Protein chains: 2
Amino acid sequence: MYSPAQTRILHAALDLFATHGVSGTSLQMIADALGVTKAAVYHRFKAKDDIVLAVTEAELCKLEEALTVARAENDAVEARKLLVRRIIDLSVERKGFVRVLQNDPVVIRLLGEHAPFRAFMSELYATLLDRDDDVEARISAAFFTAAIAGTTVSPFVDDIDADTLRATMIELTERMLKLAPLKGARIR
Amino acid sequence: MYSPAQTRILHAALDLFATHGVSGTSLQMIADALGVTKAAVYHRFKAKDDIVLAVTEAELCKLEEALTVARAENDAVEARKLLVRRIIDLSVERKGFVRVLQNDPVVIRLLGEHAPFRAFMSELYATLLDRDDDVEARISAAFFTAAIAGTTVSPFVDDIDADTLRATMIELTERMLKLAPLKGARIR
DNA sequence: GTCTATATCGAGATAGAC
DNA sequence: GTCTATCTCGATATAGAC
């Protein structure tokens, strides 16, 4: 799919995007991180937008795999549980970039303009929400996607290990999305 | 505090920052939004950073008022409840900018480097969290601040009115931060 | 307070040698 | 695949007139 040189560029770009945002990252910064010149980068990607596109595509690809696995489930609630867990795993693993995906203005524009991305996001949302979900469920879904994107980079949790973070996020989310009953509580 | 001209600049800048991010917003865009030239903007703020600083300061000021009110409460839990509600109100009222405050790389850098900002954030966090909060409470706090910042701008909730959004966010948050028992549920 | 005009710099992007 | 060199443009920022 990508040459070794391209892969190195994408990795460096991902890191820089997460720290400085897309607009705040220049091709010179990417080139410097790799110890090469701008021209070498342009040899592999003919424009900065292509790098942003490739990085975004690569991350969404991981989400797509999660969606495919989830959809193989017969039970809709189980499918949502699986999907949510995998999204949380990804956000912990790829700390920082989920925030970019969901909050960087350039990426947001890209996700809105690029038809395949739009189609994928619709599918993803459809699986996260039942067709006839009520308002609270939809707000919960918005709430939790935003939360997941931001939690891993919060100053509150700098010193908490990844496993604890992951487990607690899963619990909070399932409680919020009503995918599981509250631990130690009972609905009347 | 600020002249009328300055106030107009800050309002325009706030809008543009929320849409394009700080790095993605040029002084030309701000000037165009006001129908003046760049030089007119520079007459009031000697650098772009000063505009970012002023905008951030103005938003934090609103949070500071909320913090002062909350601290006047005797009961710590009531104080946190008040604070959380006010933060949610602000994020709904000033849709978009809370996301910038918490996610824009330029603002994050500013919040980290500017001593008064750092001090205020510490105070805010101290009120949101008890001194001896456990790990789950801290993750909850991170989770909910991230959630609040992102929810109002989510595509999930585009068509939901502000009041419903606000009320549901308050309920979700209080449930998460364990500030109130679950509606219709009872802890064993 | 606002303008025109301009200086300076860094960004994205290309040409062509090795 | 990488380099040097260069182009063009837009960005921050300043000078000085009205």
Side-chain angles (χ1 to χ4, degrees), chain A residues 1-58 100 104-114, chain B residues 1-58 100 104-114:
Chain A
M1 186 74 189
Y2 292 118
S3 70
Q6 280 177 315
T7 306
R8 272 183 291 127
I9 291 171
L10 294 181
H11 270 89
L14 182 63
D15 270 359
L16 290 164
F17 289 167
T19 309
H20 305 282
V22 174
S23 290
T25 303
S26 68
L27 285 180
Q28 187 65 64
M29 290 161 79
I30 297 174
D32 287 350
L34 296 168
V36 299
T37 60
K38 280 194 292 180
V41 176
Y42 272 107
H43 184 253
R44 278 298 160 197
F45 293 96
K46 75 177 204 305
K48 183 184 178 182
D49 269 1
D50 292 340
I51 298 179
V52 180
L53 200 76
V55 167
T56 305
E57 222 160 22
V100 176
D104 191 288
V106 177
V107 176
I108 289 172
R109 183 173 43 72
L110 209 67
L111 290 175
E113 289 171 358
H114 199 62
Chain B
M1 185 76 189
Y2 293 116
S3 70
Q6 281 177 314
T7 306
R8 271 182 292 127
I9 291 170
L10 294 180
H11 270 88
L14 182 63
D15 270 359
L16 289 164
F17 289 166
T19 308
H20 306 281
V22 174
S23 289
T25 302
S26 69
L27 285 183
Q28 188 64 64
M29 289 161 79
I30 297 174
D32 287 349
L34 296 169
V36 299
T37 61
K38 280 191 294 181
V41 176
Y42 272 107
H43 184 251
R44 279 298 160 197
F45 294 95
K46 74 177 205 305
K48 183 183 176 181
D49 268 2
D50 292 339
I51 298 179
V52 180
L53 199 76
V55 166
T56 305
E57 224 159 20
V100 177
D104 191 288
V106 176
V107 177
I108 289 172
R109 183 173 44 74
L110 210 67
L111 289 175
E113 288 171 358
H114 200 61

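Predicted model only: the values in this text are computed from it and were never measured. The chains referred to below are lettered A, B, ... by the order of the sequence lines, with proteins before strands, and numbering in each begins at 1. Values reported hereafter were calculated over all heavy atoms of this structure, with side chains retained and with hydrogens, waters and symmetry mates removed.
- Rounded to a whole Å, the NZ atom of B:Lys38 is 15 Å from the P atom of C:dT8.
- The 5' end of DNA chain C is approached more closely, in terms of each residue's nearest nucleotide, by B:Ser3 than by the other of B:Ser3 and B:Ala39.
- Nucleic acid contact for A:Thr25: sugar-phosphate only, since backbone atoms but no base atoms lie under 4.0 Å from a heavy atom of the residue.
- Side-chain contact between A:Val100 and A:Leu14: absent, with no pair of heavy atoms (C-beta onward) separated by less than 4.5 Å.
- Candidate nucleotides C:dC3, C:dG1, C:dG12 were compared by shortest atom distance to the side chain of B:Ala40, and C:dC3 ranks first.
- The interatomic distance linking A:Arg44 (CZ) with C:dT14 (P) rounds to 16 Å, in whole Å.
- Separating the CZ atom of B:Phe45 from the P atom of D:dT14 is a distance of 15 Å, rounded to the nearest angstrom.
- Each of A:Gln28 and B:Thr37 was assigned the nucleotide of DNA chain C with the nearest heavy atom; the assignment lying further toward the 5' end belongs to B:Thr37.
- In this structure, the nucleotide among C:dG1, D:dA11, C:dA13 sitting nearest to the side chain of B:Ser26 is D:dA11.
- One interatomic measurement links the two molecules: CD of A:Gln6 to P of D:dT2, which rounds to 11 Å at whole-angstrom precision.
- Side-chain atoms of B:Ile9 and B:Tyr2, non-hydrogen and from C-beta on, never get closer than 4.5 Å to each other.
- Rounded to whole angstrom, the span from the NE2 atom of B:His20 across to the P atom of D:dA11 amounts to 12 Å.
- Between B:Lys48 atom NZ and D:dA11 atom C1' there is a gap of 9 Å when expressed in whole angstrom units.
- Using a 4.5 Å heavy-atom cutoff, the side chains of A:Phe17 and A:Val52 are in contact.
- For B:Val36, taking side-chain heavy atoms from C-beta onward, the closest of the listed nucleotides D:dT2, C:dA13, C:dT2 is C:dT2.
- Listed candidates were C:dG1, C:dG12, D:dT12. Nearest to the side chain of B:Ala5 is C:dG1.
- A close approach under 4.0 Å does occur between a side-chain nitrogen or oxygen of B:Arg8 and OP1 or OP2 of C:dT2.
- For the pair B:Ile30 CD1 and C:dT2 P, the interatomic distance rounds to 14 Å; values are reported in whole Å.
- We find the CG-CG distance between B:Leu10 and B:Asp15 to be 11.5 Å, quoted to the nearest 0.5 Å.
- The side chain of A:Tyr42 places no N or O atom within less than 4.0 Å of a non-bridging phosphate oxygen (OP1 or OP2) of C:dT14.
- Each of B:Asp104, B:Leu53, B:Val22 was scored for a side chain to side chain contact (heavy atoms under 4.5 Å, CB included) with B:Leu110, with one residue passing: B:Leu53.
- Atom CG of A:Leu27 is separated from atom P of C:dT14 by 11 Å (rounded to the nearest Å).
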